[in-house]
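In each ligand, atom 1 is the first atom listed, and ligand 1 is the first ligand listed.
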Amino acid sequence: MKKILLWIVGVAFSIAVLLCGIFSYWYFGATNYVLTGVPVLNYHQVNNKFSTCLTMKPENFAEQMKYLHDNDYHAITQAQFDAYMRNEGDLPDRPVFITFDDGYVDNYEQAYPIMKKYGMKGTIFLVINLMNTPGYLTWDQVTEMSQNGMEFGSHTISHKPLTSFDQAGVHRELTESKAVIEGYLGKPCTYIAFPEGKFNDMVLAETKAAGYEYGFTVETGRDFPWDDHYDLDRVPMFEGPVSFKHFQFRLTFSAFSAILWKTHKYFEHMELTNTLAAHIPQP
Ligand SMILES: [Zn+2]
């Protein structure tokens with residue numbers, strides 16, 4: 001009798017563990033954006049020239065775009081993201097919003113052809129003062145990409161953190177960069193990525209007043225309609241060599257790993273838990 005009871009408990013326990021596993025995958029996995037949010041991938045450079053924490057090799061980037069394509073992910077546009085954030089439209093299955101910061105010339109030379117090959121689109125956040133300078137995009141390249149489905153946003157005029165300016169300076173960084181991009185492309189510029197992800201209350205108020213609808217940081221996580229539209233998380237694809245396994249993990253489980261990242265950050269800021277933070281992995 002005792003044996004049978006133990007057996008039943010054992011089986012029930014196994015089933016519970018299995019169901020927890022299935023639930024976790026379903027809940028935290030990539031496919032249910034309604035439950036797990038939309039991953040906004042954040043890239044910078046795609047080239048073979050440098051190997052800084054911002055650089056990804058073209059072959060690795062291609063492998064990632066191929067994976068998205070082969071696994072039925074859909075790169076969404078700014079309009080689709082906007083509709084989702086306003087609860088005004090369904091997204092395709094497995095949505096992913098691909099973004100690049102800083103406007104490196106390799107976004108045009110390397111990333112763009114790869115994205116075209118796999119039917120992917122994305123948004124590049126431009127730094128106005130760096131445009132047409134060595135290593136960065138030209139307005140001709142931006143215009144060409146804009147005509148072929150790539151989209152753009154502001155990464156300010158100077159790329160200095162907006163928190164380092166007074167109100168007039170913030171106003172200028174926000175409104176002038178927006179006006180320049182709109183002038184070249186003839187399309188509204190309503191997306192911004194804050195340099196170094198930094199903002200404060202004044203910056204947020206100015207961002208709204210300037211007519212931006214969405215502001216992105218460099219915090220890790222996915223985005224939901226109920227999130228603050230000016231404090232949006234992304235999934236980093238830029239600290240050092242992001243291996244293909246990292247990419248897959250971050251893409252699939254960023255909803256879960258974001259919790260680890262946030263705990264890590266939170267602990268890091270408090271003296272008492274500072275040392276503890278080092279032991280929380282940042283996958
Ligand atoms: Zn940047």
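The side-chain contact (heavy atoms from CB on, under 4.5 Å) with E213 is formed by just one residue from the set K208, H229, R86; it is R86.
Counting only distance, with no hydrogens or angles, the side chain of Q45 and the backbone of M56 share no donor-acceptor pair below 3.5 Å. Here the side chain of N71 pairs no donor or acceptor atom with the backbone of Y73 at under 3.5 angstrom.
Residue pairs meeting the salt bridge (Lys or Arg N to Asp or Glu O under 4.0 Å) criterion with at least one partner in residues 126-151, sequence neighbours excluded, are absent.
If you look at the Zn ion (ligand 1), the protein N, O or S atoms less than 2.8 Å from it are D102 OD1, H155 NE2, H159 NE2.
Salt bridge K198/E196: present, at least one basic N to carboxylate O contact under 4.0 Å. For the pair R172 and D166, the salt-bridge criterion is not met [side-chain N within less than 4.0 Å of a carboxylate O].
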